[in-house]
Amino acid sequence: MTASANATRGLFAVVAWRNLWRNPRRTWLTAGGIAFATALVVFATSIQVGSYDGMIDTATRLVSSHIQVQHPKFHDDPRMRYALPDGIALAERLANLPGVAGAAPRAEAFALLSTEERSFGGLVLGVDPARDPQVSDLSKALAQGEYLPGPDDAFIGAALARNLDISLGDELLVLGTGKEGSVGALALRVGGIFETGHEDTDRSLILVPLTTLQEGFDLGDEVHRILVAADSIGEIDDVARSIELTLDEGYRTLKWNELMPEIEQGIQIDWVSGQLMYWLLLILVAFAIVNTFMMTVFERTREFGMLLAIGMRPASIMGMLQVEAIAMWAIGASIGLAIALSVIGWLSQTGIAFGEIAEGMDEISANYFIPERMYPGFSVESIAMSPAVLGLATLGAAFGTSLRLRRIRPVDALRTED
């Protein structure tokens, strides 16, 4: 019985395969549609997934880094008194954790920045010149001068320098409130100017050596943030858990999505809008598949009537159509995946230079934290979604259209002209 059943299934498979090529043009058009949709959706989804990691890394490494350790109240109420003691030692301790690429302490103060003729408010960051480049790319945005060459030097944004009408070597006075309510004051020299392309950063930020800010604002050895950079985006969650297990209750650990929720929201919006477009494409291809099997059933009515007349059950004919559907889907999905994976594999080595796509893209990429080069990202969802959806659509189309076989009368079907 088993051998007979296997032989029958094998015969169905052979007949179904031959039936596909009775009209090769229609078969190739349908399989081509499946291949096109599969390749496009897999490729586009992989580009999306890959761009998100680059976007997160570019955005976080500008100022905030991947993870921060703060006083429990500082994030919600950034006051001078909510500081962490012995910040340099704490940064050294966290830098030795597995998966950590670097850790750096920071202190900060809102202050009035003044020259002889102009004054503007800004955020003064006290940074460790040796450690901070491990967690932030601000030092790489150097436009003029040097990155904090001395203890009394300031590293300021280009827009802020224009607003204050100062240049390299000019003096700058910083006035603010110290930790205990005293007056915090710094007399600085402009040692370097940075330009990130982000107007808010370039017109409001000034960097000074950490010890200089601590002395001028009576902070002692305290800092407000410990910035931690993970080895990769995928390790951020693990590193954050390690930090939480290492520290006691007097600290708060924040990841990038809590520090920059607008980046996470932008990614979610982009993902949803992309999925809507992909599903629209898949639905259009699914309608084309339904049309193919509707034509198949109508054109082969006489054939099906003959099979019913010699004793073949409708369920068996429907099963044969399902085999044809699987074979057609397999051809299209295999071609589509082969094309998509080949292109993705190549681009994963070379990347896509976003700035070379069109004129003005460099400015757009800077404003939206898009990296200079985007690399596709492999994920099970990006590779499996399109073939799976089209596979179900193909089987559903074959099954739905073949239900007509239950209403066919062999006598009437045999009278149908081909």
Side-chain angles (χ1 to χ4, degrees), residues 5-6 8-50 271-300 304 313-345 376-406:
N6 290 335
T8 301
R9 293 192 189 98
L11 180 60
F12 272 12
V14 172
V15 173
W17 178 257
R18 290 179 177 177
N19 285 337
L20 281 180
W21 306 110
R22 291 167 62 178
N23 193 329
R25 178 181 300 177
R26 185 166 59 206
T27 298
W28 279 117
L29 284 174
T30 306
I34 295 173
F36 172 77
T38 299
L40 182 61
V41 173
V42 169
F43 173 74
T45 307
S46 297
I47 289 294
Q48 272 192 294
V49 171
W271 178 257
V272 171
S273 61
Q275 292 300 302
L276 290 175
M277 294 299 297
Y278 305 149
W279 276 99
L280 179 60
L281 174 63
L282 295 177
I283 289 172
L284 293 175
V285 174
F287 277 117
I289 296 171
V290 170
N291 179 69
T292 296
F293 281 96
M294 287 181 63
M295 293 298 298
T296 296
V297 171
F298 279 113
E299 290 179 0
R300 294 165 61 184
F304 295 148
R313 295 180 179 179
S316 298
I317 301 176
M318 293 171 66
M320 185 171 63
L321 288 175
Q322 291 291 305
V323 174
E324 293 180 26
I326 292 172
M328 185 180 297
W329 166 80
I331 294 170
S334 298
I335 295 173
L337 282 174
I339 294 173
L341 294 178
S342 298
V343 176
I344 291 170
F378 285 95
S379 70
V380 174
E381 182 177 5
S382 64
I383 295 175
M385 183 189 74
S386 176
V389 171
L390 289 175
L392 293 174
T394 305
L395 290 175
F399 178 78
T401 54
S402 63
L403 290 176
R404 181 174 178 270
L405 295 172
R406 294 184 174 276

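Please read all numbers here as calculations on a predicted model, not as lab measurements.
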Colleague: If you round to the nearest 0.5 Å, how far is CG of L390 from CE of M385?
Modeller: 9.0 Å
Colleague: How long is the straight-line distance from CE of M294 back to CD1 of I289, given to the nearest 0.5 Å?
Modeller: 14.0 Å
Colleague: Start with the C-alpha gap between T30 and T394, add the side-chain angles, then the distance that decides, and say whether side-chain contact (heavy atoms from CB on, under 4.5 Å) holds.
Modeller: CA-CA 10 Å; T30 306; T394 305; over 6 Å; no
Colleague: Heavy atoms, side chains only, cut-off 4.5 Å: are I344 and V42 in contact?
Modeller: yes
Colleague: Ignoring hydrogens, what is the shortest heavy-atom contact between P387 and A384? Give both atom names and the distance.
Modeller: CD-O, 3.4 Å
Colleague: Please find the pair of heavy atoms, one from F399 and one from Q322, that lie closest to each other, and give the distance.
Modeller: N-NE2, 3.0 Å
Colleague: Flag the pair I326 / L395 as yes when at least one side-chain heavy-atom distance between them is below 4.5 Å, and no otherwise.
Modeller: yes
Colleague: Heavy-atom count check: over 12 atoms from other residues, nucleotides or ligands less than 6.0 Å from W279 CH2?
Modeller: no
Colleague: Tell me the closest heavy-atom pair linking Q48 and Y278, and the distance in Å.
Modeller: OE1-OH, 2.9 Å
Colleague: About how many Å separate CD1 of I34 and CG of L282, when rounded to the nearest 0.5 Å?
Modeller: 11.0 Å
Colleague: Does the side chain of L29 come within less than 4.5 Å of T292's, by heavy atoms?
Modeller: no
Colleague: Which pair of non-hydrogen atoms, one from A37 and one from S386, has the smallest distance, and what is that distance?
Modeller: O-OG, 3.6 Å
Colleague: State, with a plain yes or no, whether a side-chain heavy atom of V285 is found less than 4.5 Å away from one of F36.
Modeller: no
